[in-house]
Undergrad: 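Let me begin by handing over the structure; questions about it come next.
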Amino acid sequence: MEVRTALTCVLLGVCLLAGDAQHSVPDSVLNCCEGDVLFLLDSSGSVASYEFFRMVDFLKELLLPFSLGPDQVRVGLLQVGTEPHLEFSFDTYSSQDGLQAALGRSKQLKGNTNTVDALLMARNQVLKQGVPGGARPDLPRVLVWLTDGVDPGEVQEPMARLREEGVAVLVVSTGHGNYQVLREVVSPPAEEHLFFVDIDDINIISEDLRNAIIEIIRAERLQVNSVTSTTAQLEWRPVLAGTGYYDIQFGPIRSGQTGGPVSPGTSPGTGLGPFQRITRPGDASSAKLSGLRPDTTYTVTLTPKANLEFLNSLHTTFTTQPVNPPQPEVQTLSTVTVSESSTNSVRLSWGPLLPHLIQGYQLEYSALPTGPLRVVSISNRQNSTVLTGLQPDTQYLVTVSARQASGRERAMTVKVCTQEELPALSDLQLTTVGNESVQLRWKGSYDGLRGYWVTWERGQSQRSTLYLPPNRLSTTLNHVPSRARVCVSPVYRTARGEGLCCTA
């Protein structure tokens, strides 16, 4: 069984090098696409030498318009014989000169037609994404199979696996192959992806096959975003690699006009002004269009300019936003208060809470005079937060900003102070209040404390203990013998701190 096959996984990003054959390049193909293309070419003995070289010439003409490179189109060629032979992989050639020369050097393998093994190699090595020399992730992959159609073998299953993995399959048959089998293996629609043609007339399908590939791997390279009533952001995929510059022309579409820039120095039929022109350097990928009129449709033309390359212009249209009547301003942020303060934290509250108008809040704070700036983002449904990790006895400048859905922002700034850091326990005093009764008083700060531990002697080596919460700074002890030693110690989460003692 001998079958001719051509497998194509195409990355199309079109930038055509100037050269002797440039006059034959269709402008509509330039800068259109992005993907990886693998051609599966029948090189077995069933293909006459004349037919083989006709197919090679056909591939040269078919691929000539496409720009090659890591960010554009990559092409691979896998020949079918007794054993499949990878003529070159996707990352081998990044210029048309190299690709055209490599196709011209291709030699026919002869031998048997082993299409199934060639498809396995294509699936496991060439078309597989993420492997060295394989296809690129998240980009279109196209397989173009060139065959004489004679007894193609059991290709239905491997072709089905390729289609399931996202590879688009196209077939060109130059013989009297099994139409039903070939129709089953191509990606739908079959009427656009399956071609039957005599080898002597194969060039008549070049444009149709090229357009079918382009439709699969077409890339949107010029986009308009962030459109307001007077401005818009133009973004494109860089094609100049830092050299040359981009020429940008934009203007309102006149009455009855469907696209293209307004002619220089002319006023459109609508009475609007002429087009504007700006330039951007070769490493740019965006430009802001300003001075636009509200509720107006504009056309934009971007032309890459380079000394050594010819690149076609890109076009798009967009409509600016209408001018909305002024709305009464809503006080989205009118109060900021400090409700709690400790040695290392403060609680801030603000209002009013308007989640339908506010996208979120942002707090910026730093210690005065020159502390590092910290930023905290808060949900639009929250109107208070605790700032922690602050320094004791320090003044902070805090700014609360409310980000509105309209893009506006309202902010308020306040100064807050943390509390002075006091010792956990100081100034222990003991006073007699009755027979064998004493009163204990002390000063302390209960930030971070779990409580106080009180111990006293009861005579004959006996000792009593009492645990008090952190907010208790005094207590009365009964049955305390004369000259008994009384001690108070702070209790932290993991240990008991150093205490103070008195003698009754």
Undergrad: Side chains of His315 and Thr301 only: does a donor on one sit below 3.5 Å from an acceptor on the other?
TA: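 Per modelled atom types, His315 and Thr301 side chains form a pair under 3.5 Å.
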Undergrad: Would you say the side-chain atoms of Thr297 and Thr319 include a donor-acceptor pair closer than 3.5 Å?
TA: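 Checked: Thr297/Thr319 side chains pair up, N/O donor to acceptor below 3.5 Å.
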Undergrad: With rounding to the nearest 0.5 Å, note down the distance linking CG in Leu387 to OH in Tyr396.
TA: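 One gets 9.5 Å once the value is rounded to the nearest 0.5 Å.
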Undergrad: With Tyr365 as reference, evaluate Val376, Leu397, Leu373, Leu348 under the side chain to side chain contact (heavy atoms under 4.5 Å, CB included) test and give the passing residue.
TA: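 Of Val376, Leu397, Leu373, Leu348, side chain to side chain contact (heavy atoms under 4.5 Å, CB included) with Tyr365 is met by Val376 alone.
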Undergrad: Would you find a donor on one side and an acceptor on the other, under 3.5 Å apart, between the side chain of His193 and the backbone of Val186?
TA: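 Checking the backbone N and O of Val186 against the side chain of His193, no donor-acceptor pair under 3.5 Å is found.
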Undergrad: Less than 4.0 angstrom from a charged side-chain N to a carboxylate O is my criterion; do Arg161 and Glu165 meet it?
TA: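 Between Glu165 and Arg161 there is no salt bridge, as every charged N stays at least 4.0 Å from the carboxylate O atoms.
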Undergrad: By side-chain hydrogen bond (donor to acceptor under 3.5 Å, both in side chains), which residues pair with Asp117, not counting sequence neighbours?
TA: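 In terms of side-chain hydrogen bond (donor to acceptor under 3.5 Å, both in side chains), with neighbours along the sequence ignored, Asp117 is linked to Asn114.
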Undergrad: For the residue pair Asn225 and Glu235, confirm or rule out a side-chain donor-acceptor distance under 3.5 Å.
TA: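 Yes, side-chain donor-acceptor contact under 3.5 Å.
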Undergrad: Quick check against the 3.5 Å criterion: does Arg163 have a side-chain atom that pairs as donor or acceptor with the backbone of Val185?
TA: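 The answer is yes, because a donor-acceptor pair under 3.5 Å joins these two groups.
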Undergrad: Go through the side-chain N and O atoms of Asp91 and Ser89 and say whether any donor and acceptor fall under 3.5 Å apart.
TA: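 Ser89 and Asp91 do have a side-chain donor-acceptor pair below 3.5 Å.
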Undergrad: Taking atom CG of Leu77 and atom CZ of Phe90, what is their separation to the nearest 0.5 Å?
TA: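 Between atom CG of Leu77 and atom CZ of Phe90 there are 10.5 Å.
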Undergrad: For Gln156, look at atom CD and say whether over 12 heavy atoms of other residues, nucleotides or ligands are found less than 6.0 Å away.
TA: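 Enclosed.
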Undergrad: Quick check for you: to the nearest 0.5 Å, what is the distance between Leu353 atom CG and Asn383 atom CG?
TA: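 Reported value, rounded in 0.5 Å steps: 5.0 Å.
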Undergrad: Begin with the C-alpha distance, continue with both residues' side-chain angles, and end with the deciding distance and a verdict on side chain to side chain donor-acceptor pair (under 3.5 Å) for Glu364 and Gln362.
TA: CA-CA 7 Å; Glu364 300 178 353; Gln362 181 172 282; 3.0 Å; yes
Undergrad: Nearest 0.5 Å, what's the CG-CG distance between Leu78 and Leu86?
TA: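 Going from the CG atom of Leu78 to the CG atom of Leu86 covers 6.0 Å.
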Undergrad: Just say parallel, tilted or perpendicular for the rings of Tyr93 and Phe88, cut-offs at 30° and 60°.
TA: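 Rings of Tyr93 and Phe88: perpendicular, over 60°.
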Undergrad: Below 3.5 Å, can you tabulate the donor-acceptor pairs from side chains in residues 196-204 to any protein atom, sequence neighbours excluded?
TA:
residue: Asp198; atom: OD2; partner: Asp200; partner atom: N; Å: 3.0
residue: Asp200; atom: OD1; partner: Tyr50; partner atom: OH; Å: 2.4
residue: Asn203; atom: OD1; partner: Arg54; partner atom: NH2; Å: 3.1
residue: Asn203; atom: ND2; partner: Glu61; partner atom: OE1; Å: 2.4

Undergrad: Ignoring hydrogens and angles, tell me if any N or O in the side chain of Gln100 forms a donor-acceptor pair with the backbone of Lys60 under 3.5 Å.
TA: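 Side chain of Gln100 to backbone of Lys60: a pair is present.
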Undergrad: Calculate, to the nearest 0.5 Å, the distance between atoms OG1 and CD belonging to Thr231 and Gln233 respectively.
TA: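 Taking OG1 in Thr231 and CD in Gln233, the distance rounds to 8.5 Å.
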Undergrad: Output the distance between atom NE2 (His85) and atom NZ (Lys107), rounded to the nearest 0.5 Å.
TA: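 The NE2 atom of His85 sits 12.0 Å away from the NZ atom of Lys107.
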Undergrad: Judged by modelled atom types alone, do Thr299 and Thr317 share a side-chain donor-acceptor pair under 3.5 Å?
TA: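 There is no such pair between these side chains.
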Undergrad: Kindly check if the number of other-residue, nucleotide or ligand heavy atoms within 6.0 Å of NZ (Lys128) is above 12?
TA: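 Atom NZ in Lys128 is not crowded, with 12 or fewer foreign heavy atoms closer than 6.0 Å.
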